[in-house]
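Shown next, in structure tokens, is the structure this report addresses.
Both counts, for ligands and for their atoms, begin at 1 and track the order of listing.
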Amino acid sequence: MKKILITGACGQLGSELTAGLRDIFGTENVIASDISPKNPQLGSGPFERLDVMDREGMEALVDKYEIDTICHLAALLSANAEKNIELAWKLNMDGLLNVLNIAKEKKLDRVFWPSSIAVFGPDARKAKTPQASATNPSTVYGITKVAGEQWCAYYHRKFSVDVRSLRYPGLIGYKTLPGGGTTDYAVDIYHKALAGEPFSCFLEEDSALPMMYMSDAVKATIDLIQASEEHVKVRTSYNVAAISFTPAEIAESIRKQIPGFEITYEPDYRQEIASSWPDSIDDSAARSDWNWSPEYDLDRMTTDILENLPELLKTSE
Ligand code: AKB
């Protein structure tokens, strides 16, 4: 891995993964790209506008920068995908197939692609959902992730494309706002708490979901990308887990530091999505194959966000 292209780099994970990879591989060797204009979190490194459905445009960037690794993050998330199912299928599938075909034809070193806990549906075990559970999702986002995992395994098996993937839980970071996911409430809640305002949650108070702090997500991604090939045994996508909590529990964690914080519950269409997903995930395959282990629990994450977010909000005013 010498030159890395990141698609969807302006997103919540993209911004922080770009920074994490630039620390290791050097700023000039990590090319951030997005369909949106550059976001300030990306700093001064190389940035290109790219629509991942434009295969020629993607190929031109791979040639221009002599890319050998693609981290393909651009996608529509669960809640937005339910509002536009055809776009979700097109963007999530065509983008991935463009990346896999370019990797195959140009013999790239490696591809990383994010899957999600959304591959699981109501028939999967709720608690500590195993790696090999049935993947029968009830959302269009989940359907794109199951199909994507199968494409990744196929391109690895048939064409030796070294594609690696994680089934992310809800990702919680404070540097960039998420967009269009069902787990986004767990980011918005900290902004309201710091503004001294009550938070109206779109999920029920006892709706538990698997979650992960962003620095653990960046660590998991970089660990998997750098793992030696013989340690990567799952070629669909690895379950990864860190924390699991309900809206009531995250509110309680915030109250330890902001005692008057108030939360109310007004579940909307996203509750149905959340109810179809696991409460928690078993990630023993990732732990044993490439030594995955998270660092942040709920209270440590809350402390870190409440300490650092105010400074970031001040500088972006
Ligand atoms: C979403 O809520 O859509 C994502 C996910 C769990 O993949 N955060």
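Considering CG of Leu42 and OG of Ser15, their distance stands at 5.0 Å, rounded to 0.5 Å. Expressed to the nearest 0.5 Å, how far OH of Tyr238 lies from CG of Asp283 amounts to 11.5 Å.
Taking the centre and axis of the six-membered ring of Phe159, the NZ or CZ atom of Lys104 falls inside the cone set by 45° and 6.0 Å.
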Identify the protein atoms, limited to N or O, that lie within less than 3.5 Å of an N or O atom of ligand 1, and list each pair with its distance to 0.1 Å.
| residue | atom | partner | partner atom | Å |
| --- | --- | --- | --- | --- |
| ligand 1 | 2 (O) | Ser78 | OG | 3.4 |
| ligand 1 | 2 (O) | Thr182 | N | 2.7 |
| ligand 1 | 2 (O) | Thr183 | N | 3.2 |
| ligand 1 | 2 (O) | Thr183 | OG1 | 3.3 |
| ligand 1 | 3 (O) | Ser78 | N | 3.0 |
| ligand 1 | 3 (O) | Ser78 | OG | 2.5 |
| ligand 1 | 7 (O) | Ser116 | OG | 2.7 |
| ligand 1 | 7 (O) | Tyr141 | OH | 2.8 |
| ligand 1 | 8 (N) | Thr183 | OG1 | 2.9 |

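Taking each heavy atom of Phe47 and Cys10 in turn, the nearest pair found is CE1-SG, 3.9 Å.
Aromatic ring orientation, Trp290 versus Trp292: tilted (interplanar angle from 30° to 60°).
Residues Met93 and Ile85 do not share a hydrophobic cluster, defined by chaining ILVMFWY side chains whose heavy atoms lie under 4.5 Å apart.
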